[in-house]
Amino acid sequence: MIYLTLFLEFAKVAIFCVGGGYASMPLIQAAVVDTYHWLTLSEFVDIFTISQMTPGPIGINAATFAGMKIAGIPGAVSATIGFCTPSFILGILLARLFFKYGDIGPIRGILNGLRPAVIALIASAGISFIVLALWNEEKLPADLSTIDPIGILILAVSLIAVRQKAGVIKLLAASGIAGLALGIVKQLL
Amino acid sequence: MSNEELKSLAASCPHFYWKLFQSTFLISAFTVGGGFVIIPLLRAKYVDEYGWLNDKDTLNLVSIAQSMPGIVAVNASIILGYRMAGIRGALTALSATILPPLFTLSLIACAYDWFASNQYVRYLLKGMQCGATALIVNVSIDLLQKQLKKKMLLPLAIIAGTFLANFCFEVNIMLLIIFDGLLGLLFMRSREYGK
């Protein structure tokens, strides 16, 4: 039964996926392209592109979209639920452990060490994001003059707005509309 | 909030589950560009708007979410829901996290070629990505400033070391998490670090 197989395969991906959504891509590829031949490699590349483009967590996007291509909406639901089940069980066990015993020396120590680590990872992601926003490339290009004026403008205005405590959802919606409007203006010029 | 206060919150706050569902749904629908964007979103909703969590709680739950397998955004929503209202809370938050991609992708699947090659879609997403950058930069500045004010050597050293290792040397995040967790376990058990 395809739905059960989808559920199990995506549960397996979730168990072996360490390090967030991007890390799940090669595992999903191995399952849906190499092992089961449900999709071709080029279809999988499409899935990757769409998952990156669409708002929402990238791993969930990929599971949903792959499931949908393989077996329609029920396939999407089975793959997504499969993908989340290991996290659900493990998440609840860990949350219980940490919240119940969070004030016991060793666990307090681990959390005290992890909080600064997470701050560093956020800052690191932030800088990669700035590069992507301003230069439309993953890595800082050799020629810095390729900087995107639309990127500078929206980023600067958003930064001011967010420092003034603008609502986050409103800000994301407004910056999307600004991107669309400025893109159209640029096209007309 | 303490565990007891959180327990009574679920019972006393009107439409608690709806509020939890709605906020997680919005966060999932607007996560653009990867897992870490949820941190400013979580913080804006639950720390600033609802007052259900503080900065330390948020970082704790993201730390746990980051240190287990699976997707950080999904893990975080499960842990958040569980923290707020037990298994029922976790189920509420999880379903709210997986529904938006299901809706958007069902729509996109019907018009994939149009969507992937459409200029206007790209403009819109480019704008949203700049907005998300502002959010993540803002939250990094806030959290760093807070840490700097505390003037504690070890956490600052962890921030600097982890940042360099991740950003400049591209060391695997999982390795960094294990290493920093061990550092904490060995040297940072004091309550001082949790203030």
Side-chain angles (χ1 to χ4, degrees), chain A residues 14-15 17-21 49 53-57 59-61 64-65 68 80 84 87-88 90-92 94-95 98-99 105-106 108-126 129-130 133 151 154-155 158-159 162 168-169 171-172 175-176 178-180 183, chain B residues 26 28-32 35-36 39 41 44 59-60 62-64 68-75 78-79 82 90 98 100-102 104-105 109 123-131 133-138 140 143 155 158-159 162-163 166-167 173-174 180-181 183-185 188-189 193-194:
Chain A
I15 294 171
C17 146
V18 273
T49 319
M53 285 173 79
T54 323
I60 287 294
N61 288 348
T64 309
F65 200 47
M68 189 152 350
T80 311
C84 295
S87 295
F88 191 77
L90 196 62
I92 283 173
L94 279 178
F98 278 93
F99 293 132
R108 192 172 54 224
I110 294 175
L111 284 174
N112 284 344
L114 289 181
R115 277 194 308 271
V118 169
I119 297 179
L121 295 175
I122 301 170
S124 168
F129 272 47
I130 295 178
I154 302 179
L155 179 58
S158 306
L159 265 174
V162 78
V168 279
I169 305 290
L171 180 90
L172 283 173
S175 56
L180 182 61
Chain B
L26 279 176
S28 171
F30 280 90
T31 307
V32 262
F36 283 110
I39 295 161
L41 297 176
L59 282 176
N60 274 345
V62 176
S63 301
I64 304 170
M68 55 186 261
I71 302 163
V72 181
V74 172
N75 297 348
I78 292 166
I79 295 164
Y82 186 79
I98 59 181
L102 202 59
T104 33
L105 289 166
Y123 292 150
L124 185 84
L125 290 167
K126 166 75 187 165
M128 281 178 81
Q129 197 242 324
C130 294
T133 307
L135 292 179
I136 203 161
V137 168
N138 177 58
S140 318
L143 294 172
I158 291 187
I159 293 179
T162 309
F163 179 83
N166 180 244
F167 190 75
I173 290 185
M174 217 51 213
D180 294 333
L183 277 183
L185 178 67
M188 296 169 72
R189 293 194 194 184
Y193 291 109

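All values below were derived from every heavy atom in this structure, side-chain atoms included, with hydrogens, water molecules and symmetry-related copies excluded. Computed from a predicted structure; not experimentally measured. Chain naming here is simple, since letters A, B, ... match the order of the sequence lines and numbering starts at 1 in each.
Only the side chain of B:L125 comes within less than 4.5 Å of a heavy atom in chain A; its backbone stays farther off. The contact between B:P155 and chain A is made by backbone and side chain atoms together, counting heavy-atom distances below 4.5 Å. Of the two parts of A:L172, the backbone and the side chain both hold a non-hydrogen atom closer than 4.5 Å to a non-hydrogen atom of chain B. In this structure, chain A has a heavy atom under 4.5 Å from the side chain of B:T104, while its backbone stays farther away. With a 4.5 angstrom heavy-atom cutoff, B:A90 touches chain A via backbone and side-chain atoms both. In this structure, chain A has a heavy atom under 4.5 Å from the side chain of B:Y82, while its backbone stays farther away. Both the backbone and the side chain of A:A117 come within contact range of chain B, judged by heavy atoms closer than 4.5 Å.
Here B:I64 contributes atom CD1 and A:F99 contributes atom CZ; the two are 4.5 Å apart, rounded to the nearest 0.5 Å. One distance of note links CE of B:M128 with OG of A:S158; it measures 11.5 Å at 0.5 Å rounding. We find the CG-CG distance between A:L111 and B:L185 to be 11.0 Å, quoted to the nearest 0.5 Å. In this structure, SG on A:C84 lies 6.0 Å from CD1 on B:I78, to the nearest 0.5 angstrom.
By the side chain to side chain donor-acceptor pair (under 3.5 Å) test, A:S124 pairs with B:N166, sequence neighbours left out.
Of the listed residues (B:L183, B:V62, B:I79), the one with the most heavy-atom contacts under 4.5 Å to chain A is B:I79. Here B:G127 is the residue among B:S140, B:G181, B:G127 with the most heavy-atom pairs under 4.5 Å with chain A. Most heavy-atom pairs under 4.5 Å with chain A, from the set B:V137, B:T162, B:L26: that is B:T162. Of the listed residues A:I130, A:L171, A:I169, the one with more heavy-atom pairs under 4.5 angstrom with chain B than any other is A:I169. For the set A:I122, A:L90, A:I154, the entry with the most heavy-atom pairs within less than 4.5 Å of chain B is A:I122.
In this structure, A:N112 contributes its side chain and B:M188 its backbone to a donor-acceptor pair below 3.5 Å. For B:K126 (side chain) and A:G176 (main-chain N/O), no donor-acceptor pair under 3.5 Å exists by modelled atom type.
Using a 4.5 Å heavy-atom cutoff, the side chains of B:I158 and A:I119 are not in contact. Looking only at side-chain heavy atoms (C-beta outward), A:R115 and B:N60 come within less than 4.5 Å of each other. Looking at heavy atoms from C-beta onward, A:I15 lies out of side-chain contact with B:P69 at the 4.5 angstrom threshold. Here the side chains of A:P116 and B:D180 are not in contact, with every heavy-atom distance at 4.5 Å or above.
Among all heavy-atom pairs drawn from A:N61 and B:P101, the shortest one is OD1-CB, 3.3 Å. Looking at every heavy atom in both residues, B:T133 comes nearest to A:A133 through OG1-CB, 3.8 Å. Between B:I71 and A:P57, the closest heavy-atom pair is CG2-CB, 4.3 Å. Of all the heavy atoms in A:V118 and B:S63, the pair that sits closest is CG2-OG, 3.6 Å.
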